[in-house]
Protein chains: 2
Amino acid sequence: MDRGARSRDAILDTGGELMSRHGYAATSISMISAASGLPTSSIYWHFRSKDGIYVAVLERARIALLEALPPSEVPGTDVAERLDTFLREVEDAFQRHPRGVKLLLGLGMVQQDASAAAAAEVYQYRDALLAWTRDSVSSVFELRNRPEVADELARFTLRMASGTAVARWFEPDTVLDTGQLRVALLALADHHGVPVRGVPGEDAPPGHITTGE
Amino acid sequence: MDRGARSRDAILDTGGELMSRHGYAATSISMISAASGLPTSSIYWHFRSKDGIYVAVLERARIALLEALPPSEVPGTDVAERLDTFLREVEDAFQRHPRGVKLLLGLGMVQQDASAAAAAEVYQYRDALLAWTRDSVSSVFELRNRPEVADELARFTLRMASGTAVARWFEPDTVLDTGQLRVALLALADHHGVPVRGVPGEDAPPGHITTGE
DNA sequence: GTCTATATTCTGATAGAC
DNA sequence: GTCTATCAGAATATAGAC
C-alpha cells in the first residue's frame with residue numbers, strides 16, 4: 001500500500017473515532033490533523049471538505065458492517081433455533097460496530113444541517129440495516145406471505161437496538177438484552193397470529209394466546 | 001414580569017429550540033442572538049457561558065416534563081386498566097416533550113465533552129425519568145416485592161421510547177407504538193411469573209405461559 | 001440590564017514550494 | 001502527495017458607556 005492510501009486510511013480512522021466520540025460539529029480539522037499527524041492541507045487534498053471526510057467515514061462504516069452481517073436467510077429447522085441464531089447475530093453486530101452506530105445516530109439526529117451527500121449516506125446505512133433485519137426476521141418466522149408483520153418485527157428490533165445504544169451513553173456497560181428481545185418478538189409474532197411452535201412453552205394449540213388489543 | 005426575566009426566557013426559548021435542532025456544538029451564541037434579537041453581551045450577562053445556557057435549558061425542560069408527568073401511582077382496578085392508563089401517559093409525555101428528549105439524547109451522546117454541571121443535569125433528567133417509569137410500572141403490575149422486575153420493565157420501556165425517538169429522526173411521522181409496548185410488557189411480566197390476570201387472553205391459570213429462556 | 005465595540009482564539013479552507 | 005504558511009470569517013467571551 002502506497003503512502004497516499006495509508007494517509008487516507010489514517011485520516012478516516014482518526015476522523016471516524018473523533019466524530020463518533022464528539023459528534024460531527026465538535027470535531028475540527030485541526031483535531032484530526034493533530035491526532036493523525038498529517039497537516040490539514042493533506043486532509044483537504046484527500047477529501048475536499050470536512051463534509052467529505054464524514055461521508056467517507058460513514059460509507060466505510062456502512063460497508064464494513066454490511067460485509068460483516070451474515071446472510072439474512074437464517075438457518076435452522078424451527079422458529080426457536082432460527083430465532084436464537086438471529087439474536088446472536090444481532091448481538092454480535094451490535095457489540096462489534098459501536099462506532100458505526102454512533103456515527104449513524106449522531107448525524108441522523110441533525111441531518112437537516114447535513115449536506116445532501118451525507119444525508120444520503122445516512123439513509124442508505126439505515127435502509128440497509130432495516131432491509132437486513134426485515135429479511136432475517138422474515139426468515140426466522142417464515143413471514144414471506146406477511147411482509148407487514150416482518151416489517152413491524154424488524155422495526156421493533158431496530159428500535160430496541162437503538163434504544164440500547166442510547167442507554168449505553170448513560171451506562172457504558174449496557175448490553176443488548178437478547179433475552180428480553182426474544183420474549184418480546186415471540187409475543188409480538190404470536191399477537192399477529194404467527195405460529196411459533198417449537199418454542200418451549202409456546203406450543204399451545206390453535207386457541208393460542210393473544211395479549212388483548 | 002420585568003424585562004430582565006422576559007429576556008432570560010426568550011434566550012432559553014430560542015436557545016433550547018436551536019440546540020435541540022442542531023445540537024449543542026453546532027449552535028452558536030450569535031445564532032441565538034440573531035434569533036432572539038438580543039445582543040451576545042446580554043446573553044452572557046444572563047448566563048455566564050454557552051455551557052450555562054445549555055444547563056439552564058436542560059434544567060427547565062426537565063422541570064417542565066416532571067411537572068407534567070402524572071403521579072406514578074397508576075389508578076385502576078386491574079392490570080389491564082392500569083397498563084392502558086400508563087401507556088397513555090407515556091405516549092402523551094412522549095408526544096408533548098420532543099424537544100426535551102432530543103436535548104437529553106443530544107448531550108447524552110457527547111457527555112464526555114460536557115461540563116460537570118451539564119453532565120449532572122443530563123443524569124438528573126434521565127434518573128428522574130427512570131424513577132418515574134419504574135414507580136409507574138411497579139404500580140401497574142404490583143411489583144412492590146419484585147423491584148428487579150420493575151427495574152427491568154422500566155428500562156425496557158425507556159429503551160423503546162428512546163429507540164422510537166431515534167426512528168423519528170429518520171421518519172418524522174413515527175409515533176410510539178403503545179400496542180407493541182403493551183404486548184411486549186405483558187409478555188415480559190408473564191415471563192417473570194408476574195400474574196397478569198384481567199388482561200384479555202392472559203387469564204390462564206397457574207400453569208401459565210412462559211416463552212422459554 | 002442592555003447596548004456598541006472589540007479582543008482573542010479557532011474555524012474551514014487555500015496557495016504554492018517541493 | 002506532502003509540506004509550510006496563511007487567509008477570511010466566525011467562534012466564545014469581555015470592556016465599558018448608558
Side-chain angles (χ1 to χ4, degrees), chain A residues 1-58 103 106-107 110-119 121, chain B residues 1-19 21-58 60 106-107 110 113-119:
Chain A
M1 181 154 66
D2 61 345
R3 193 149 72 115
R6 251 188 295 124
S7 293
R8 203 190 128 94
D9 271 1
I11 295 166
L12 289 182
D13 288 344
T14 320
E17 166 68 17
L18 289 172
M19 286 177 174
S20 82
R21 285 170 62 94
H22 308 285
Y24 175 81
T27 302
S28 68
I29 306 286
S30 25
M31 283 167 69
I32 300 176
S33 166
S36 69
L38 290 151
T40 67
S41 47
S42 288
I43 297 175
Y44 278 100
W45 188 90
H46 282 284
F47 310 93
R48 294 173 43 86
S49 64
K50 183 181 172 183
D51 188 83
I53 303 173
Y54 182 83
V55 173
V57 161
L58 199 57
L103 284 165
L107 195 70
V110 291
Q111 36 166 295
Q112 50 178 342
D113 300 316
S115 71
E121 255 307 314
Chain B
M1 180 152 69
D2 60 346
R3 192 150 73 115
R6 251 189 295 123
S7 293
R8 204 190 127 94
D9 272 0
I11 296 166
L12 289 182
D13 288 344
T14 322
E17 165 69 17
L18 289 173
M19 285 177 175
R21 286 171 60 96
H22 308 284
Y24 175 81
T27 303
S28 68
I29 306 287
S30 24
M31 283 167 68
I32 300 176
S33 167
S36 69
L38 290 151
T40 67
S41 48
S42 290
I43 297 174
Y44 278 100
W45 188 89
H46 283 284
F47 310 92
R48 294 173 43 82
S49 64
K50 183 180 171 182
D51 188 83
I53 304 173
Y54 181 83
V55 173
V57 161
L58 199 57
R60 207 183 54 162
L107 195 70
V110 291
D113 300 316
S115 71

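Numbers restart at 1 for each chain; the letters A, B, ... are given by sequence-line order, proteins then strands. Because the structure is a prediction, the values reported are computed rather than measured.
- Although no hydrogens or angles enter the test, the distance criterion places no donor-acceptor pair under 3.5 Å between the side chain of B/S33 and the main chain of B/I29.
- With a 6.0 Å cutoff to the six-membered ring centre and a 45° limit on the axis angle, B/K50 does not count as a cation-pi contact of B/Y44.
- In this structure, B/R8 places its CZ atom 12 Å from P of C/dT2, rounding to the nearest Å.
- In this structure, B/T27 reaches the sugar-phosphate backbone alone: every heavy-atom distance under 4.0 Å involves primed, P, OP1 or OP2 atoms, never a base.
- A/S41 comes within contact range of at least one nucleobase, with a heavy-atom separation under 4.0 Å.
- Spacing between atom CG of A/L38 and atom P of D/dT4 amounts to 11 Å, rounded to whole angstrom units.
- Interatomic distance, B/T27 OG1 to B/E17 CD, rounded to the nearest 0.5 Å: 10.0 Å.
- In this entry the distance linking CD1 of B/I43 with C1' of C/dT4 reads 15 Å, nearest Å.
- Interatomic distance, A/L18 CG to A/M31 CE, rounded to the nearest 0.5 Å: 5.0 Å.
- For B/Y44, no side-chain nitrogen or oxygen approaches OP1 or OP2 of D/dT14 to under 4.0 Å.
- Comparing B/A5 and B/T40 against DNA chain C, the residue whose closest nucleotide sits nearer the 5' end is B/A5.
- Taking only side-chain nitrogens and oxygens, B/S28 comes nearer than 4.0 Å to OP1 or OP2 of D/dA11.
- Nearest nucleotide to the side chain of A/K50, out of D/dT12, C/dT2, C/dA13: C/dA13.
- Annotation: of the two residues near DNA chain C, B/W45 and A/I29, the 5′-most nearest-nucleotide partner is B/W45.
- Between B/R60 and B/D13 there is a salt bridge, since at least one side-chain N of the basic residue sits less than 4.0 Å from a carboxylate O of the acidic one.
- A close approach under 4.0 Å does not occur between any side-chain nitrogen or oxygen of B/S7 and OP1 or OP2 of C/dG1.
- Rounded to a whole Å, the CD1 atom of A/I53 is 8 Å from the P atom of C/dA13.
- Separating the CZ atom of A/F47 from the P atom of C/dA13 is a distance of 14 Å, rounded to the nearest angstrom.
- Counting to the nearest Å, the P atom of D/dT12 and the CZ atom of B/R48 are 16 Å from each other.
- B/I32 places its CD1 atom 11 Å from the P atom of D/dA11, with the value rounded to the nearest Å.
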